[in-house]
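Chain naming here is simple, since letters A, B, ... match the order of the sequence lines and numbering starts at 1 in each. Being a predicted model, the structure only gives us computed values, none of them experimental.
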Number of protein chains: 2
Amino acid sequence: MSKVEIGRQTPEQNTRSLGFRPLYAQVKHQLLERLINKIWMPGDALPSEQHLAVELGVSQGTVRKALDELTDENIVVRRQGRGTFVAEHTQERALFQYFMLSPDQGKKDDNHFPQSQLLSLDSGSATHRERAALDLAANEQVWRMERNRTLQSAPLIAEKIVLPQLLFDGLDKIKPLPSNIYALFDQIFGQSIVRAEEKLKAVAAEEGTAKRLGCATGTPLLRIDRIAYALSGRPVEWRISYCLTDNFHYVSNLK
Amino acid sequence: MSKVEIGRQTPEQNTRSLGFRPLYAQVKHQLLERLINKIWMPGDALPSEQHLAVELGVSQGTVRKALDELTDENIVVRRQGRGTFVAEHTQERALFQYFMLSPDQGKKDDNHFPQSQLLSLDSGSATHRERAALDLAANEQVWRMERNRTLQSAPLIAEKIVLPQLLFDGLDKIKPLPSNIYALFDQIFGQSIVRAEEKLKAVAAEEGTAKRLGCATGTPLLRIDRIAYALSGRPVEWRISYCLTDNFHYVSNLK
DNA sequence: AAGTGGTCTAGACCACTAA
DNA sequence: TAGTGGTCTAGACCACTTC
């Protein structure tokens with residue numbers, strides 16, 4: 001590992017405070033870059049705070065503040081007495097960070113991780129909407145995946161997933177596709193999802209969707225439009241889910 | 001202001017680490033208590049970090065960590081060079097923390113704060129559901145408010161709000177009720193809302209709701225079931241909103 | 001110029017884990 | 001027992017606001 005130059009700004013450089021960036025932000029940027037470049041992979045332990053401090057030429061407290069922010073962003077996980085680790089896409093994380101549907105009665109638990117049935121997986125040129133959603137170049141190819149998701153064999157979700165083909169080369173070779181595909185993104189394609197934006201609407205079930213969910217045409221469905229972002233900040237997944245919310249609800253915490 | 005005792009734990013007290021509580025957590029608890037007891041009101045400046053440190057007998061860094069957590073929880077607002085202030089329920093906060101509907105086209109701004117028309121305000125004994133939602137004692141009274149909300153005169157939301165009457169004595173005397181009622185809660189009733197939990201479903205519009213929203217019976221609506229909590233941790237508002245999501249969507253950030 | 005929050009350091013010690 | 005993250009301190013200085 002080569003020594004890295006992180007410089008404290010002198011007051012002269014900083015007079016008038018144009019573009020002042022605290023040291024810990026530079027440290028955080030360094031660490032993020034290494035994570036993006038896969039110097040450390042999901043599940044790996046990072047060097048200790050002390051080691052990083054010496055290597056980067058800053059105090060432990062400054063490294064600490066950088067790691068604290070990465071922890072808040074679910075990029076890194078800290079365990080007292082053990083170390084700091086690159087966050088993994090465990091089933092628990094999928095359930096509590098990326099699956100906000102919860103049963104009306106009872107608590108959410110591992111029994112509430114939905115099974116998936118793959119209906120189709122094709123590729124083609126990105127439409128205008130797909131290009132806009134995933135920030136793609138003209139004529140770029142995408143994967144399009146359709147799947148149904150069930151909970152204890154009751155249909156719950158019909159969804160379509162769109163992915164840039166360049167980032168997920170060989171996706172069609174992987175069989176079977178797991179239900180928790182973000183773990184796959186991590187492990188096979190090196191794309192770590194770290195956050196997502198969802199837009200929700202209530203819509204009437206169209207005929208095809210109704211059939212997939214075993215409900216009547218026109219049934220009110222919760223439509224979830226998700227864009228998921230990788231560590232690099234790039235949008236790498238566009239997903240639209242139609243959910244039956246007779247016995248489930250979507251949870252949102254305002255704070 | 002009387003001197004307060006905050007003790008650092010000796011290792012002896014703490015051996016086996018039963019109930020270990022860091023100093024900053026005790027400081028935070030102290031500050032929270034004063035906020036609940038209205039020693040400092042919304043908009044007030046808190047004493048400086050240095051003053052609090054001396055008063056509580058801890059270092060500035062420890063006070064800082066406590067204030068940082070209160071900042072993360074939107075209980076307090078810090079402004080460099082000016083001071084630390086008790087958070088207020090401004091219209092901006094209402095719009096970005098407590099109103100997650102956004103127009104499909106264009107950006108959310110001050111023009112997207114909905115007007116409210118009060119339809120009714122009555123009181124009565126809490127039903128079972130109301131008691132459960134608001135954690136009320138048997139036979140406790142509640143206010144029930146119905147209102148419609150419009151955006152640029154287009155109907156958007158039909159909602160019912162339930163409040164414990166004991167906490168909102170004299171609510172019926174206030175005319176007109178503002179659209180941003182959390183500001184009212186703060187200023188008149190001393191109930192500062194600091195967080196809320198929302199449960200979302202897609203449902204078909206019933207006849208009465210459809211009339212209020214000017215849509216057909218059976219139209220898919222986004223039903224938002226909210227419980228809002230005050231500084232003390234108490235649930236103080238139960239709200240059910242039925243939203244037309246033809247041109248709007250509910251935003252949720254997963255992180 | 002004075003006062004506030006924000007950053008950074010160096011060092012001590014505690015809590016926790018694993019060997 | 002050694003190594004890690006977590007807490008706490010005292011002090012210095014910077015960035016920002018107000019007077």
Side-chain angles (χ1 to χ4, degrees), chain A residues 6-31 40 43-72 75-87, chain B residues 6-31 40 43-72 75-87:
Chain A
I6 292 192
R8 183 170 188 163
Q9 287 166 317
T10 64
E12 290 74 27
Q13 284 177 306
N14 207 32
T15 301
R16 317 224 171 291
S17 90
L18 291 171
F20 166 68
R21 259 185 107 204
L23 246 189
Y24 71 82
Q26 300 175 50
V27 171
K28 182 184 172 187
H29 186 260
Q30 277 288 330
L31 299 176
W40 305 307
D44 288 355
L46 268 63
S48 72
E49 294 179 352
Q50 200 50 251
H51 281 130
L52 286 170
V54 171
E55 190 208 337
L56 299 172
V58 301
S59 78
Q60 185 179 352
T62 298
V63 171
R64 183 168 192 75
K65 177 135 186 168
L67 287 172
D68 278 346
E69 290 199 352
L70 293 174
T71 301
D72 287 343
I75 291 170
V76 123
V77 174
R78 321 188 73 179
R79 299 204 197 108
Q80 189 174 13
R82 296 194 52 199
T84 304
F85 302 84
V86 184
Chain B
I6 293 192
R8 183 169 189 162
Q9 287 165 317
T10 64
E12 290 73 29
Q13 286 177 307
N14 209 31
T15 302
R16 315 225 172 293
S17 90
L18 290 172
F20 166 67
R21 259 185 109 204
L23 245 189
Y24 71 82
Q26 300 175 50
V27 171
K28 183 184 172 188
H29 186 258
Q30 277 289 330
L31 298 177
W40 306 307
D44 287 355
L46 268 61
S48 71
E49 294 179 352
Q50 200 49 251
H51 281 128
L52 286 170
V54 171
E55 190 206 338
L56 299 172
V58 301
S59 78
Q60 184 178 351
T62 299
V63 171
R64 183 165 193 77
K65 177 134 186 167
L67 287 172
D68 279 347
E69 290 199 352
L70 293 174
T71 301
D72 288 343
I75 292 170
V76 126
V77 173
R78 320 188 74 176
R79 300 204 195 108
Q80 190 174 10
R82 297 194 51 200
T84 304
F85 303 83
V86 184

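Between A:Arg64 and the phosphate of D:dG5, there is no side-chain N or O to OP1/OP2 separation shorter than 4.0 Å. For the OP1/OP2 pair of C:dG5 and a distance below 4.0 Å, the side-chain nitrogens and oxygens of B:Thr84 include at least one atom meeting the criterion. OP1 or OP2 of D:dG6 lies within a sub-4.0 Å distance of a side-chain N or O belonging to A:Arg78. Applying the 4.0 Å criterion to OP1 and OP2 of C:dC16, one finds that A:Arg82 has every side-chain N and O outside that range. Residue A:Lys65 places none of its side-chain N or O atoms closer than 4.0 Å to OP1 or OP2 of C:dC8. Between D:dT9 and B:Thr62, a contact under 4.0 Å exists linking OP1 or OP2 to a side-chain N or O. Phosphate proximity of D:dC8 to B:Tyr24: absent, as no side-chain N or O sits under 4.0 Å from OP1 or OP2.
Taking every side-chain heavy atom of B:Gln80 into account, C:dG6 is the closest of D:dA10, C:dG6, C:dT9. Side-chain proximity of A:Val58 to the nucleotides D:dC16, D:dG5, C:dT9 is greatest for C:dT9. Looking at the side chain of A:His51, the nearest of the listed nucleotides D:dT4, D:dG5, D:dT9 is D:dT4.
Atom CG in A:Asp68 sits roughly 16 Å away from atom P in C:dG6 (whole-Å rounding). Taking atom CZ of residue B:Phe85 and atom C1' of nucleotide D:dT17, one finds them 10 Å apart after rounding to whole Å. Following rounding to the nearest Å, B:Leu67 (CG) and C:dG5 (C1') show an atom-to-atom distance of 10 Å. If you measure from atom CG of A:Asp44 to atom P of D:dT4, you get 16 Å, rounded to the nearest angstrom. Distance, B:Leu52 CG to C:dT4 C1': 12 Å, rounded to whole Å. At whole-Å resolution of the value, CD in B:Gln60 and C1' in D:dC13 are 12 Å apart. The distance between atom CD of B:Glu49 and atom C1' of C:dG3, rounded to the nearest whole Å, is 12 Å. In this structure, B:Leu56 atom CG and D:dC8 atom P are separated by 13 Å, rounded to whole Å.
Two residues are said to be in side-chain contact when any heavy atoms from C-beta on lie closer than 4.5 Å; A:Tyr24 and A:Val58 fail this criterion. Counting only heavy atoms from C-beta outward, the side chains of B:Leu56 and B:Thr62 never approach each other to under 4.5 Å. By the 4.5 Å heavy-atom criterion applied to side chains, B:Leu31 and B:Ile75 are not counted as neighbours. Using a 4.5 Å cut-off on side-chain heavy atoms (C-beta onward), B:Leu46 and B:Leu67 make contact.
A donor-acceptor pair under 3.5 Å is absent between the side-chain atoms of B:Glu49 and the main chain of B:Val63, judged by distance alone.
Using a 4.0 Å heavy-atom criterion, one finds that A:Arg79 contacts the sugar-phosphate atoms exclusively.
Comparing A:Gly81 and A:Gly61 by the nucleotide of DNA chain C that holds the closest heavy atom to each, the one mapping nearer the 5' end is A:Gly61.
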